[in-house]
Undergrad: 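Take this structure first; my questions come after.
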Amino acid sequence: MRVLITGGAGFIGSHLADSLLSRHEIAVLDDLSTGSRENIEPLLKHPSFTFHHNSIFNRDLLASLIADCDIVFHLAAAVGVKRIIEAPVETIQTNVAGTELVLRLATEHARRLVLASTSEVYGKSTQLPFREDGDLVLGATDHSRWSYACSKAIDEFLALACHRQYRLPVTIVRLFNTVGPRQSSRYGMVLPTFVRQALLGEPITVYGSGEQSRCFTHVRDIVEGLTAIAQRDTTIGEIYNLGSTSEISMNQLARTVLSATASSSMIVHIPYEQAYAPGFEDMQRRMPDISKAGAAFNFHPRHSLQQILADVISYQRAQLEQHSRTVAF
Ligand code: UDP
């Protein structure tokens with residue numbers, strides 16, 4: 001099969017490319033705005049791998065790549081709450097106009113599409129665990145954070161509309177907090193940030209009270225879910241939560257990271273308005289109901305937080321060593 005991955009040099013996309021390359025031809029389209037060449041470096045020499053350093057807004061290129069493939073994984077999107085607040089215009093443009101173009105071209109060519117959405121769409125909902133058919137509860141439009149959820153919700157509406165009106169064979173996945181090797185701390189995501197801070201002996205920055213919780217999923221479990229979806233036509237026209245159901249507060253996470261790294265960093269609490277922006281709103285809990293994905297394609301995340309941490313720590317250690325060698329050189 002010929003597979004196109006938009007955002008394929010990013011954290012999740014590059015793991016998906018790794019996993020599919022032994023059986024399929026892979027084309028990656030990535031503008032490297034948040035992805036990196038390093039993520040796909042080992043794949044570049046593979047005869048079944050092609051990398052297009054370009055934007056999804058290059059209509060002619062996108063059209064030819066979609067025409068030439070059997071399935072598209074659309075993962076190109078704005079990354080991380082911090083960046084969304086810092087670059088709200090780009091976030092909305094990429095998520096709305098970029099995805100609209102992908103949907104339009106996939107519809108024209110009748111291509112199978114797996115569209116990455118986000119658990120962020122549940123917003124401030126308190127109907128836990130979040131079910132795919134649950135209500136989405138977003139905050140006011142003067143809080144940039146919600147533009148991400150809102151723009152992804154528009155993507156979902158448009159994708160489902162294309163499916164209903166034009167029979168586009170699309171599946172939507174709502175990804176919950178996905179972590180693992182290659183996730184950069186640069187965009188402020190909590191786990192790579194805590195691990196890096198612990199390894200450097202810097203203070204661990206817990207935002208707010210630290211009692212807010214999340215469920216962390218190993219990127220390899222997510223890749224398995226994405227692959228299983230692509231193999232089943234029964235998933236067409238559906239939305240699935242993909243994530244772990246094992247919940248941990250940020251205070252507990254900070255302590256777990258300290259002990260796993262044997263670090264003597266201290267834990268500091270930083271008010272949200274200082275960490276992000278005045279009036280910042282966080283979600284207190286975010287946990288998926290994954291029974292729909294479990295029933296449809298046997299989705300059951302296998303990696304524990306301990307295994308996740310071991311992988312993230314060894315990746316971050318290697319990154320820091322490489323950086324110190326470069327600096328010394
Ligand atoms: N967080 C934190 N310290 C950090 C970065 C994030 O305490 O250095 C918190 C953040 O406020 C949120 C949780 O960790 O409550 C998860 O943040 P992340 O950006 O990783 O993902 P989110 O679930 O917010 O999309």
Side-chain angles (χ1 to χ4, degrees), residues 10-12 34 77-88 91 95 116-125 128-130 136-139 143-153 174-180 182-200 202-219 222 241-258 261 263 265-288 305 308-309 312 316:
F11 160 52
I12 301 176
T34 53
V79 170
V81 176
K82 246 198 167 79
R83 187 173 162 87
I84 287 151
I85 289 170
E86 283 161 11
T91 296
N95 288 357
S117 183
T118 168
S119 58
E120 183 87 7
V121 296
Y122 292 105
K124 297 188 279 187
S125 169
L128 285 142
F130 297 145
L136 313 183
V137 183
L138 304 185
H143 290 57
S144 294
R145 171 180 198 146
W146 304 118
S147 68
Y148 183 67
C150 200
S151 58
K152 281 293 191 180
R174 290 184 180 156
L175 303 179
F176 283 66
N177 294 68
T178 305
V179 290
R182 294 187 199 151
Q183 186 175 40
S184 170
S185 58
R186 206 174 309 142
Y187 308 109
M189 268 79 87
V190 69
L191 189 61
T193 303
F194 281 5
V195 168
R196 192 180 158 88
Q197 289 167 337
L199 292 176
L200 289 170
E202 293 173 356
I204 310 275
T205 53
V206 174
Y207 298 160
S209 70
E211 284 311 300
Q212 71 275 25
S213 64
R214 295 292 186 269
C215 303
F216 295 96
T217 323
H218 198 298
V219 64
I222 295 296
N241 287 335
L242 290 187
S244 148
T245 52
S246 167
E247 193 176 15
I248 185 166
S249 76
M250 297 310 103
N251 285 328
Q252 284 169 291
L253 183 69
R255 289 192 291 270
T256 310
V257 168
L258 280 184
T261 51
S263 167
S265 288
M266 51 183 214
I267 296 175
V268 295
H269 284 82
I270 297 180
Y272 283 124
E273 52 275 22
Q274 201 176 315
Y276 296 107
F280 179 82
E281 292 179 317
D282 201 3
M283 303 83 167
Q284 281 312 297
R285 294 179 68 199
R286 185 193 271 170
M287 183 199 276
L305 184 62
I308 291 173
L309 270 176
V312 172
Q316 292 279 349

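Remember, it's 1-based here, ligands and their atoms both numbered in the order they're listed. Only heavy atoms go into these numbers, but all of them, side chains included; no hydrogens, no water, no symmetry mates.
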Undergrad: Inspect the contact between K152 and E120 and indicate whether a charged nitrogen and a carboxylate oxygen are less than 4.0 angstrom apart.
TA: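 So E120 does not pair with K152 through a salt bridge.
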Undergrad: G208: heavy atom below 4.0 Å from ligand 1, yes or no?
TA: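 Judged by the 4.0 Å heavy-atom criterion, G208 does not count as contacting ligand 1.
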Undergrad: Among side-chain atoms of R145 and Y276, is any donor-acceptor pair under 3.5 angstrom?
TA: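 Not at all, the side chains of R145 and Y276 share no donor-acceptor pair under 3.5 Å.
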Undergrad: Please work out whether any backbone atom (N, CA, C, O) or any side-chain heavy atom from C-beta onward of V190 is under 4.0 Å from ligand 1, and answer side chain, backbone, both or neither.
TA: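 Both backbone and side chain.
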Undergrad: Let me see the working for V79 and M189 under side chain to side chain contact (heavy atoms under 4.5 Å, CB included), right down to the final yes or no.
TA: CA-CA 9 Å; V79 170; M189 268 79 87; 3.5 Å; yes
Undergrad: Pull out every atom of ligand 1 sitting under 4.0 Å from any heavy atom of Y276, numbered as shown with elements.
TA: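 Reading through ligand 1 atom by atom, the close ones are 6 (C), 10 (C), 11 (O).
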Undergrad: Less than 4.5 Å apart, side chain to side chain, heavy atoms only: is that true for S185 and R196?
TA: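 Counting from C-beta outward, S185 and R196 do come under 4.5 Å.
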Undergrad: Which residue owns the protein heavy atom closest to atom 25 (O) of ligand 1, what's the atom, and how far is it?
TA: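 Result: R286 NH1, 3.3 Å.
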Undergrad: Under 4.0 Å from a heavy atom of V206: which atoms of ligand 1 are those, numbered in the order shown and with their elements?
TA: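 Result: 7 (O).
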Undergrad: Of all the non-hydrogen atoms in the protein, which one sits nearest to atom 13 (C) of ligand 1, and at what distance?
TA: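 So the nearest neighbour among protein heavy atoms is M250 SD, 3.8 Å.
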Undergrad: Heavy atom under 4.0 Å from ligand 1: found in R214's side chain, backbone, both, or neither?
TA: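 Side chain only.
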Undergrad: What heavy-atom pair brings I204 and A254 nearest, and what distance separates the two atoms?
TA: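 That closest heavy-atom pairing would be CG2-CB, 3.8 Å.
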Undergrad: Short list, please: which atoms of ligand 1 are under 4.0 Å from a heavy atom of Y272?
TA: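 Counting from 1, the qualifying ligand atoms are 11 (O).
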Undergrad: Measuring only between side-chain heavy atoms, which start at C-beta, is F176 closer than 4.5 Å to I222?
TA: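 When only atoms from C-beta onward are counted, I222 and F176 do not touch, as no gap falls below 4.5 Å.
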Undergrad: Would you indicate whether the side-chain heavy atoms of V206 and N251 approach each other to under 4.5 Å?
TA: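 When only atoms from C-beta onward are counted, V206 and N251 do touch, with a gap below 4.5 Å.
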Undergrad: Looking only at heavy atoms of Y187, does any of them come nearer than 4.0 Å to an atom of ligand 1?
TA: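 No; Y187 lies far enough from ligand 1 that no heavy-atom distance drops under 4.0 Å.
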Undergrad: Do Q183 and T178 come close enough that some side-chain heavy atom pair is under 4.5 Å?
TA: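 The answer is no, as the side chains (C-beta and beyond) never meet within the 4.5 Å cut-off.
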Undergrad: Which protein heavy atom lies closest to atom 3 (N) of ligand 1, and at what distance to 0.1 Å?
TA: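 Atom 3 (N) of ligand 1 sits closest to the protein heavy atom T205 O, 2.6 Å.
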Undergrad: Quick one: does Q212's side chain have a donor or acceptor within less than 3.5 Å of a partner on G210's backbone?
TA: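 Present.
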Undergrad: For T193, counting its heavy atoms only, list the atoms of ligand 1 lying under 4.0 Å from any of them.
TA: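 Result: 8 (O).
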Undergrad: Any non-hydrogen side-chain atom of R286 less than 4.5 Å from a side-chain atom of Y122?
TA: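 Side chain of R286 against side chain of Y122, heavy atoms only: no contact under 4.5 Å found.
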Undergrad: Of the choices M189, M283, R145, Q197, which has the non-hydrogen atom that lies closest to atom 24 (O) of ligand 1?
TA: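 Answer by nearest heavy atom: R145.
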Undergrad: Measure F216 to ligand 1 on non-hydrogen atoms and call it side chain, backbone, both or neither using the 4.0 Å cut-off.
TA: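 It is neither; nothing of F216 touches ligand 1.
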Undergrad: Please list the nearest protein heavy atom to atom 7 (O) of ligand 1 with its residue and the distance rounded to 0.1 Å.
TA: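 For this ligand atom, the closest protein heavy atom is Y207 N, 2.8 Å.
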Undergrad: I'd like to know whether the aromatic ring centres of F280 and Y207 sit less than 6.0 Å apart in this structure.
TA: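 They do not qualify: ring centres at least 6.0 Å apart.
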Undergrad: Between D282 and ligand 1, is there a nitrogen or oxygen pair with a distance under 3.5 Å?
TA: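 N/O-N/O distance under 3.5 Å: yes.
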Undergrad: Give yes if a backbone or side-chain nitrogen or oxygen of Q212 is under 3.5 Å from a nitrogen or oxygen of ligand 1, and no if not.
TA: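 Between Q212 and ligand 1, an N or O pair is found under 3.5 Å apart.
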Undergrad: Considering only heavy atoms, does N177 approach ligand 1 within less than 4.0 Å through its side chain, its backbone, both, or neither?
TA: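 It is the side chain that touches ligand 1; the backbone stays farther off.
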